[in-house]
S.K.: 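Handing you this structure, nothing more for now.
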Amino acid sequence: MSDSVLTAGSPGHKREPSYLEMDTGHKGIFAWILATDHKRIAQLYFYSMMVMFLVGALIGVLIRLELMAPGRTIMDAQTYNGFFTLHGIIMIFMFVIPGLPAVFGNFVMPIMIGAKDVAFPRVNLLSWYLYVAGGIIVLVSQFVGGGPPDGGWTFYAPYSVKSATNIGMAALGAFMLGFSSILTGLNFLVTIHRLRAPGMDFWKMPLFVWSLYATGWIQILATPVVGITLVLIVFERVFQLGFFDPAFGGDPILFQHLFWIYSHPAVYIMILPAMGAISEIIPTFAQRTIFGYKAIAVSSMLIAFVGYFVWGHHMYTSGMSETAKWVFSFITFLVAIPSAIKVFNWIATLYKGSINIDTPLLYAVAFIFTFMIGGFTGLIIGSVAQDIHLHDTTFVVGHFHYIVFGGVGFAFFGALHYWFPKIYGKMYNAKLANIAWGLFFFGFNVLYFPMFIAGYMGMPRRYFDYLPDFYIPNLISTMGSWFLYAGIILMIYNLVKARRSGPPAPANPWNGVTLEWQIQSPPTYENFDEIPVIKDNPYTFKKESARHE
Amino acid sequence: MFNGTSPFVDGVDNAFLFIVVISLILLVGLTFLMVYFIFRYRKERNPEASQIEGNVTLEVLWTVIPGILVLLMFWYGWKAYTPMREVPENAMVVKAVARMWAFSFEYDNGRKSDKLVVPVNKPVKVVLEAQDVLHAFYIPAFRVKQDMVPGNPQFVWFSSGKTGSYDVFCAEYCGMLHSAMITKVEVVEEADFNGWYNGETLASDEPAGLKLLKENGCISCHSTDGSALVGPSFKGLAGSQRKVTAGGKETEVTADDAYLIRAIREPSAEVAKDFPPIMQPYSLTDEQIAAITDFLKTLR
Amino acid sequence: MSDHSASPAHAHVHRDDTGSKLGMWFFIFTEILLFGALFIVYSVYRFKNQDAFHAAALNLDTVIGTINTVILLVSSATIAMAISALQQKNKRLAIILMIATLALAGGFLVNKYFEWGAKFHHGLYPGAEHLVSLGPGQNQFFFLYFFMTGLHAFHVIVGMGFIIFVMRQVMRDQLTFDNYTRLENAGLYWHLVDLIWIYLFPLFYLIH
Ligand code: HEA
Ligand code: HEA
Ligand code: CUA
Ligand SMILES: [Cu+2]
């Protein structure tokens, strides 16, 4: 349909010009920032997200250096408070929430269901603009007005209303990011409902698509609540209203309810696509069909649904009613069951496979391991008695880094190594990639495990300074972070080099069976010459399917 | 100090151990299986994969067994929690007031202190109030924690079986010096407590004004040695020329008694230049304020 | 900026009526949850300050409120009729009905303007000495009143923009009797605006 605009493919390859080379009618950078192609938008997200991640990570480095020893180490208290706030906002709202859906969801989901694009390509671009705008607002908030916002990514009132720092602006930025997330979710829902290839019913969708579907529902049904709550905070600050300030009859605990009604489901916005990606990687590298396809698909929906009713577990010490505490604790335990189902099915998928031990599989294994630790510590703090002791201590910080960074982060980088050859048509150096993974995994555990110990000993979080009793775990933790940095820097180096000058990748380097592996690498602008007709379940490994072209 | 005794320590620690043990068994078992499968069924040893699609019995098993386990976990956690809300009738009541960035404690007889002094083996109910923003009252050694919400008093109770000195932290972010909002609970013998409670036994040679500054937490924001903390230092303050913003305009005033009194009772009326308007109004009696201003004048 | 003409980058934008209506419905869900959160805030504070909310509600003008309710209901009907007019190939009538909808929406905003003006005149706005003296409950009532009706008015304005946008497309025959989904979506959105008001009206004006 658009053959007139194709440029010549690189000589020596029989392949068609890819989406990377094709002429969109715009020149230079405009070919990207005005692109509506889902694959290009995925890259826009990827690069902007990596920039934000590196900023957030650099701040993580500085936080760790400050906490290396008691007392002032490298910065003053107010700088520290601004840092962990910015770190949290960036990592949560700009890295792990958009994370896998915006990058890999955008890139492979339409291909996986046999579509040429998402349902609303221009809305897709709009949500990227909102993302960038939100990101810029948050970054600018560091430099103008009352100075870097503090108070943490949770914006608890009334502090967030009273503090002289720039919290209003940061909240506004987070609101924009939420809007961006809503539009992505909406777009994916419609895409999945409307654009599946002929023959692909819901039970033939790859599990990554299932997870995005469940995520989409959370995005459109939970995000507006936090959106309006943040707007209330902004209005309260600008117009001196008192929605949550007790001085005007406001109720700070109500703020926490509204915040967590979104922000707990949000943790499943983060983890579900990660679980989806793992459910793709494992069958591909085990070269066998996934164990318990339906159980995994349904458990995603269950997590999304039950996840709505557990937000109160962040508030056991806030002063809500006793009944609420036990109800929330009870449901919190129930939400662990669907996660358990997934873990068991993944491990069973390895049974009697024919396993290729490649980098993506290593990331998947690391994911399962850290996710289990994160999940089990989640159970510990889901229990009221222990959470009374552990709430707002570094134990909680350990829990969520294990599950957010260890879980979502490992899945993100696993997915990156998995789909990298498809996205760029280049291969990376597998050996370097495995070394980077090893450093990453080792450093990760040394960095975050001591936080459980310090937390159980009673070290509160968001502490710029701490008593000497907590010195040893903090020191170890800081040293662990250095290995982690080494791992990540090596990983980035390896991938950047591969992108520049790696050897060309075949269409199907891992011998995968989902649709994205059946087309050339990198895909053409149109994805498919002919829309495929689907007959089998997505993980049907036949001997003949080994080499497609 | 982390190891204290209170009626909850055993409950919390045992429920914790219960979950940890189950989790460890699962973690080690599942990790072992995963790694074993990867090596046992790697390409070289198992070139042909078996396409097993699932197994309903297994699915049911690994839904039901974790289900039972988590219900047990929930039950232990809840059992360990309920005593925290059941205050014994004979508990001694102490009021704790939090404001940026200090706790102060008030006893029934009006005695005020910046440390929580309690007798050993005596149930103590601490009524928690916050004046400005959220704080949280946290004694790790006793495994108790409760947020302190402005306008909505909360409580915790405990009784300590051992004498000693234990840390009290503020566990809810409350602004710049959140991490410095630390004090102690001193558990002492009954007799020592009564002496402290009723008498001036601990009366030191500190001037009354300084004691008031400590009790009210002023010194967490104001130093007496000239260094600027969150607020201006008290050193050399009295009698000096101050640049302030009053009603949106910058002016200069002399820090006489009247100014100091206003600065304490109505801090937002004149805000010292280069400082944020975050000090809360204090309602102290005339004598107390007089004692403070007298003391401030001695800081040259 | 660069040249937009004949950009193949839009080649993937294809027409799927059901899809775009589905998208609108999802969007409406999010809007309902947006207001849903505010309704929660409202109910909690109403529960805590029953008397104050009661007293404060007496300050609102039920007559203007009722008029505005009727205006919005009628406008919902006119936009629905505009859709069927276009389906029946009656472009002129469709445009007239859309203009009528816009006029009604304008009337709603004018009423709102006078109503808010009166509140300001009586010192019933946030921060006013008179309102502060009435205590926390009444303060909360008026904070919520201004915020929620303000947010609703904002939706009215957005809805008007949407209607103007589709009206221009109808005029230029970009939307026709066999291609009217965008008009339908504007109609759906407008019903949402109406629906929210149907909840706001009793909450603020009627329950005493
Ligand atoms: C990706 C994000 C993510 C995910 C998936 C989770 C998952 C879970 N979280 Fe976590 N959580 C966060 C991110 C996440 N969390 C963040 C960011 C915070 C802090 C916010 C802040 O205050 O800043 C937080 C805080 C937090 C708290 C509040 C702590 C506090 O502030 O006091 C609690 C309390 O209940 C909790 C519990 C849980 C539980 C029970 C799960 C469960 O879903 C976990 C289920 C998984 C498993 C259980 C492991 C796998 C299962 C098996 C191997 C099978 C065998 C197991 C059984 C016996 C069932 N989390
Ligand atoms: C996805 C989420 C995510 C991720 C990945 C991380 C990553 C890291 N976090 Fe995270 N963290 C949060 C989410 C996350 N965090 C959240 C939500 C909070 C709560 C905030 C709050 O309380 O409100 C928090 C809070 C938090 C605290 C607690 C602060 C406190 O309570 O006082 C600490 C302390 O150690 C910490 C440390 C780190 C470290 C060392 C990393 C590191 O692992 C980072 C790793 C990064 C790298 C390894 C990159 C290395 C690369 C470079 C250094 C390259 C240099 C840059 C250029 C060349 C441009 N974080
Ligand atoms: Cu008070 Cu933190
Ligand atoms: Cu949660």
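Just so it is clear, the values below take in all heavy atoms, side chains as well, and ignore hydrogens, waters and symmetry mates. The structure presented is a predicted model; accordingly, all values stated were derived computationally and were not measured. Chain A is the first sequence line, chain B the second, and so forth, proteins listed ahead of strands; every chain is numbered from 1.
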S.K.: May I ask you to check whether A:W128 and A:S180 show a side-chain donor-acceptor distance below 3.5 Å?
M.R.: no

S.K.: Tell me, for C:F142 versus chain A, whether the close heavy atoms (under 4.5 Å) come from the side chain, the backbone, both or neither.
M.R.: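 Neither part.
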
S.K.: I'd like to know if A:D117 and A:K39 make a salt bridge, using a cut-off of under 4.0 Å between side-chain N and carboxylate O.
M.R.: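 Answer for the salt bridge query: no.
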
S.K.: Of the listed residues (A:F120, A:F243, A:F235), which shares the most heavy-atom pairs with chain C below a 4.5 Å separation?
M.R.: A:F243

S.K.: Among C:G137, C:A52, C:G19, C:G36, single out the residue with the greatest number of heavy-atom pairs under 4.5 Å to chain A.
M.R.: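 The answer is C:G19.
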
S.K.: So does C:K21 have more than 12 non-hydrogen atoms from other groups sitting under 6.0 Å from NZ?
M.R.: no

S.K.: Quick check on the 6.0 Å ring-centre criterion: do A:F259 and A:H264 meet it?
M.R.: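 No, they do not, as the ring centres are separated by 6.0 Å or more.
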
S.K.: Let me know if C:Y45 has heavy atoms under 4.5 Å from chain A in its side chain, its backbone, both or neither.
M.R.: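 Side chain of C:Y45 only, per the 4.5 Å heavy-atom cut-off to chain A.
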
S.K.: More than 12 heavy atoms of other residues, nucleotides or ligands under 6.0 Å from OH of A:Y129: yes or no?
M.R.: yes

S.K.: Which bit of A:L254 is near chain C, if near means a heavy-atom gap under 4.5 Å: side chain, backbone, both or neither?
M.R.: side chain

S.K.: Let me know if C:I32 has heavy atoms under 4.5 Å from chain A in its side chain, its backbone, both or neither.
M.R.: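 Neither the backbone nor the side chain of C:I32 comes within 4.5 Å of chain A.
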
S.K.: Please check: side-chain N/O of A:T223 versus main-chain N/O of A:I220, any donor-acceptor pairing under 3.5 Å?
M.R.: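 No, the answer is negative, given that no donor and acceptor are paired below the 3.5 Å cut-off.
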
S.K.: Between A:I182 and chain C, which part of the residue has a heavy atom less than 4.5 Å away: side chain, backbone, both or neither?
M.R.: side chain

S.K.: I need the residue from C:N49, C:V41, C:L151 with the largest number of non-hydrogen atom pairs under 4.5 Å to chain A.
M.R.: C:V41

